[in-house]
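Letters A, B, ... mirror the listed sequences (proteins, then strands); counts begin at 1. None of the values given here were measured: they were computed from a predicted structure.
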Amino acid sequence: MEKLLEVDGLQVAFKTHGGPIQAVRGVSFTLHKGETIAIVGESGCGKSVTAKSIMRLIPEHIGKIVGGKMLFQGKDLAQLPEKEMREMRGSQISMIFQDAMTSLNPTISIGEQIMEGIIRHQKVPRSEAKRQATEILQLVGIANPESRLKQYLHQFSGGMRQRIMIAIALVCKPAILIADEPTTALDVTIQAQIIELFQTIQRKTGVSIIMITHDLGVVAKIADRVNVMYAGKVVESGPVREIFYNPQHPYTKGLLSSMPRLDADRNIPLSPIPGTPPDLFAPPAGCAFAARCEYALEVCRAHQPEETQLGSKHVVSCWLQDPRAKKLTTAQQSPTGT
Amino acid sequence: MQKKPLVQVKNLTKTFHLGKGMSLKAADQVSFEIYEGETLGLVGESGCGKSTTGRTIIGLYQPTSGEVIFDGLNVHQASGQERSKLTRNMQMIFQDPYASLNPRMNISEIISEGMALNGLYKGKERAERVIELLEMVGLQKEHAHRFPHEFSGGQRQRIGIARALAVNPRFIIADEPISALDVSVQAQVVNLMKNLQREQKLTYLFIAHDLAMVKHISDRIGVMYLGNLVEMTESEQLYEKPLHPYTQALLSAIPVPDPDLEKSRERMIIEGDVPSPIDPPSGCVFRTRCPVAKEVCAQQKPAWQEVEKNHFVACHIYQ
């Protein structure tokens with residue numbers, strides 16, 4: 001498969017009153033043409049910051065890309081001048097957010113908001129922009145697109161607003177669509193509709209999708225490959241089946257076993273991960289997960305684990321993979337923490 | 001399990017008046033019982049009336065009609081001694097662990113406020129009780145003099161639970177107690193709630209939209225849609241044999257963390273959005289999105305009936 005975007009060692013730091021904070025601490029992944037990758041993790045793990053950095057949406061006075069490369073079409077997005085980046089946003093790489101109500105403008109008709117990108121990037125007359133806007137609304141499943149173009153955001157329901165945001169993102173036929181928790185604010189029946197829409201759109205346009213989410217159900221449904229993030233790093237990555245059926249990092253295992261399943265016996269208690277994520281103002285010297293990890297060794301607290309390649313595309317950063325570490329059986333049930 | 005109803009909800013209706021003659025029926029003729037020692041789950045999408053139902057049961061809202069009986073006492077008519085007996089026995093845990101704790105009070109003050117109001121535990125005993133409660137919910141005694149901002153979301157939710165337990169209640173309403181928490185922390189809080197239920201013989205009304213979590217914690221589950229209770233039965237039965245088309249759609253819409261299963265699953269996707277509760281559809285409120293709606297569904301509201309033993313449903317297909 002053709003490589004579309006290569007993120008290599010991305011580091012992002014924020015300036016805060018409490019001092020600098022390393023939100024992303026060396027993230028690497030590759031996105032291929034036509035595939036969907038998921039970035040999963042809990043709040044504060046750096047998944048949204050990673051996404052925003054690809055779009056270069058973090059204001060310079062707040063946070064900065066302090067290291068790494070993001071190669072797209074032979075250019076490094078981390079170094080690209082703002083003027084060139086502006087040409088890129090919307091036409092080559094687009095992004096949608098969790099909350100349409102705060103991401104779109106309530107005082108401008110949705111038609112104008114969709115056409116804005118078309119006119120900006122394609123330099124076509126309004127009549128042509130309007131034709132394209134109508135077409136894209138139809139594609140995202142909005143009935144009577146011509147009359148709805150004149151309406152405003154408050155006249156749409158939550159699910160419809162999300163469809164409009166997807167329409168705006170896709171109207172200039174970008175190569176990459178970044179979706180940051182696009183279904184989190186929606187009810188499950190509407191979430192199912194939107195996920196279905198993502199899949200239809202990908203089939204029709206071949207767009208590559210980066211899906212940022214904390215919902216492992218959504219990941220199982222939509223992703224080809226998964227990157228699991230913890231405390232600003234990717235701790236495990238691999239094809240979706242590998243991550244769900246053969247997870248190797250204790251954090252990935254912990255996430256999977258702490259979720260209840262509809263088809264599980266409810267008398268078996270859930271296995272939560274004890275404790276809370278580390279303070280990124282003072283990240284631990286060793287593996288960031290060590291303090292919560294039931295398998296942690298002495299080395300884990302002192303040194304960062306290296307990446308270990310398992311099989312063709314499954315990569316995990318954990319000291320347990322070191323040949324000197326005791327082997328764990330995958331079937332081992334983790335004891336219940338509190 | 002002994003089948004003694006602790007809470008009886010009878011034809012509970014709550015209408016909010018919105019001005020300009022408009023009104024919103026948030027809960028419409030809702031009836032059910034909660035048995036002593038069980039966990040009853042209440043699920044549904046936003047705006048279905050599950051929180052309104054919970055808040056009306058505990059007396060935060062006056063019902064428009066209908067009544068709630070707690071252990072023989074009418075919740076909305078009790079006064080004096082009966083009233084204080086009710087407040088001691090019914091407690092609530094809220095969704096937002098940030099908004100539901102007063103930032104200017106320390107943890108000891110937050111937890112002991114209920115005891116003070118009810119005149120329980122005096123002086124030194126009260127301080128000891130605070131420490132006992134903190135340890136019960138997995139916190140330490142050093143935490144008693146700290147303030148809410150020093151705690152994480154999961155820890156704050158534990159404080160909320162300790163506050164609810166302070167007055168030795170028999171019944172706790174938990175309104176989306178884990179939805180604001182991260183996945184790994186959700187399981188910590190749910191396990192804690194289950195353990196406390198066993199130790200303290202508590203009865204729970206667990207309100208949430210996450211059906212997998214509700215199924216895990218509940219003995220029975222009620223499903224609400226647009227102010228109406230549409231189905232109620234034991235949680236295994238609800239999952240294995242959902243009768244109402246809405247319950248079927250809801251179960252089918254939840255993505256399962258299992259890629260192979262997800263790829264092979266036949267999904268029933270219901271079209272459209274939930275209609276406005278200000279102007280709900282006539283007859284059955286679900287008919288506008290129901291794949292099997294008939295003519296009668298627009299004309300008559302389906303009756304709430306027991307179709308199988310302990311399996312209640314309001315749908316014309318089963319009438």
Side-chain angles (χ1 to χ4, degrees), chain A residues 40-45 141 156-160 183 185-193 195-196 214-223 226 239-241 243-245 251 254-277 292 336-338, chain B residues 43-48 138 151-155 180-192 194-195 209-219 235-236 239-240 246 249-263 265 267-276 289:
Chain A
V40 292
E42 298 177 280
S43 28
C45 73
F156 293 85
S157 67
M160 287 291 162
T183 61
L186 304 175
D187 279 318
V188 267
T189 55
I190 309 297
Q191 168 174 289
Q193 296 172 1
I195 290 175
E196 202 87 343
H214 68 276
D215 186 336
L216 292 169
V218 172
V219 176
K221 170 90 183 128
I222 201 167
V226 184
V240 67
R241 295 191 75 251
I243 297 293
F244 281 83
Y245 302 132
Y251 177 65
L255 265 190
L256 286 166
S257 65
S258 61
M259 262 184 95
R261 284 184 54 151
L262 272 171
D263 49 2
D265 182 352
R266 58 186 209 87
N267 293 315
I268 302 167
L270 301 173
S271 312
I273 305 171
T276 43
R292 301 174 77 186
T336 316
T338 47
Chain B
V43 291
E45 298 177 283
S46 37
C48 73
F151 295 89
S152 67
Q155 287 174 317
L181 307 175
D182 270 322
V183 183
S184 70
V185 181
Q186 285 188 350
Q188 294 176 12
V189 173
V190 163
N191 281 357
L192 172 68
K194 277 194 136 184
N195 292 339
H209 67 273
D210 177 351
L211 203 46
M213 201 49 107
V214 172
K215 191 210 163 208
H216 178 78
I217 197 169
S218 309
D219 299 297
S235 37
E236 261 82 22
Y239 171 68
E240 270 153 34
Y246 176 63
L250 198 60
L251 283 167
S252 152
I254 300 168
V256 182
D258 186 333
D260 287 353
L261 192 67
E262 270 304 320
K263 291 209 169 83
R265 224 166 136 212
R267 179 160 276 152
M268 165 184 170
I269 290 195
I270 46 172
E271 299 289 321
D273 285 294
V274 183
S276 163
R289 300 171 79 194

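- For the options A:Asp215, A:Asp263, A:Asn267, heavy-atom pairs under 4.5 Å to chain B are most numerous at A:Asp263.
- The contact between A:Tyr245 and chain B is made entirely by side chain atoms (from C-beta outward), counting heavy-atom distances below 4.5 Å.
- Annotation: side chain of B:Glu236 is in contact with side chain of A:Arg266 (closest heavy-atom distance under 4.5 Å).
- Counting heavy-atom pairs under 4.5 Å between each of A:Leu216, A:Leu256, A:Leu262 and chain B puts A:Leu262 at the top.
- With a threshold of 4.5 angstrom between heavy atoms, B:Lys263 approaches chain A through side-chain atoms but not through N, CA, C or O.
- Contact annotation for A:Thr276: only side-chain heavy atoms (C-beta onward) come within less than 4.5 Å of a heavy atom of chain B.
- Heavy atoms of A:Gln191 lying under 4.5 Å from chain B belong exclusively to its side chain.
- Side chains of A:Lys221 and B:Val256 form no contact here, defined as non-hydrogen atoms less than 4.5 Å apart.
- Looking only at side-chain heavy atoms (C-beta outward), B:His209 and A:Val188 stay at 4.5 Å or farther from each other.
- The contact between B:Leu261 and chain A is made by backbone and side chain atoms together, counting heavy-atom distances below 4.5 Å.
- Counting only heavy atoms from C-beta outward, the side chains of B:Lys194 and A:Pro269 never approach each other to under 4.5 Å.
- Side-chain contact between A:Glu42 and B:Ser184 is present, with at least one heavy-atom pair separated by less than 4.5 Å.
- Only the side chain of B:Ser152 comes within contact range of chain A, with heavy atoms under 4.5 Å apart.
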Q.
Set out, in order, the CA-CA distance, both residues' side-chain angles and the distance that settles side chain to side chain contact (heavy atoms under 4.5 Å, CB included) for A:Leu270 and B:Met213, then state yes or no.
A. CA-CA 10 Å; A:Leu270 301 173; B:Met213 201 49 107; 3.9 Å; yes
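- Residue contact with chain B, scored on non-hydrogen atoms closer than 4.5 Å, involves the backbone and the side chain of A:Val218 alike.
- Most heavy-atom pairs under 4.5 Å with chain A, from the set B:Pro257, B:Ala253, B:Ala187: that is B:Pro257.
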Q: Given side chain to side chain contact (heavy atoms under 4.5 Å, CB included), test A:Ile222 with B:Glu262 step by step and report yes or no.
A: CA-CA 9 Å; A:Ile222 201 167; B:Glu262 270 304 320; over 6 Å; no
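- In this structure, chain A has a heavy atom under 4.5 Å from the side chain of B:Ser235, while its backbone stays farther away.
- For a residue to count as touching a neighbouring chain, one of its non-hydrogen atoms must lie under 4.5 Å from one of that chain's; by this rule B:Arg289 touches chain A with the side chain only.
- Listed here is the closest heavy atom pair of A:Gln193 and B:Ile270: NE2-O, 2.6 Å.
- A salt bridge is defined here as a Lys NZ or Arg NE, NH1 or NH2 lying under 4.0 Å from an Asp or Glu carboxylate O, and B:Asp258 with A:Arg241 fails to meet this definition.
- When the candidates B:Gly154, B:Ser218, B:Ser276, B:Gly138 are compared by the number of heavy-atom contacts under 4.5 Å with chain A, B:Ser218 comes out ahead.
- In terms of modelled atom types and a separation under 3.5 Å, the side chain of A:Asp187 and the main chain of B:Glu45 share no donor-acceptor contact.
- For the pair B:Val183 and A:His214, the minimum side-chain heavy-atom distance is below 4.5 Å.
- Note on B:Leu250, B:Asp260, B:Asp210: by heavy-atom pairs under 4.5 Å with chain A, the leading option is B:Asp260.
- One finds the OG1 atom of A:Thr189 at 8.0 Å from the CG atom of B:Asp273 (value rounded to the nearest 0.5 Å).
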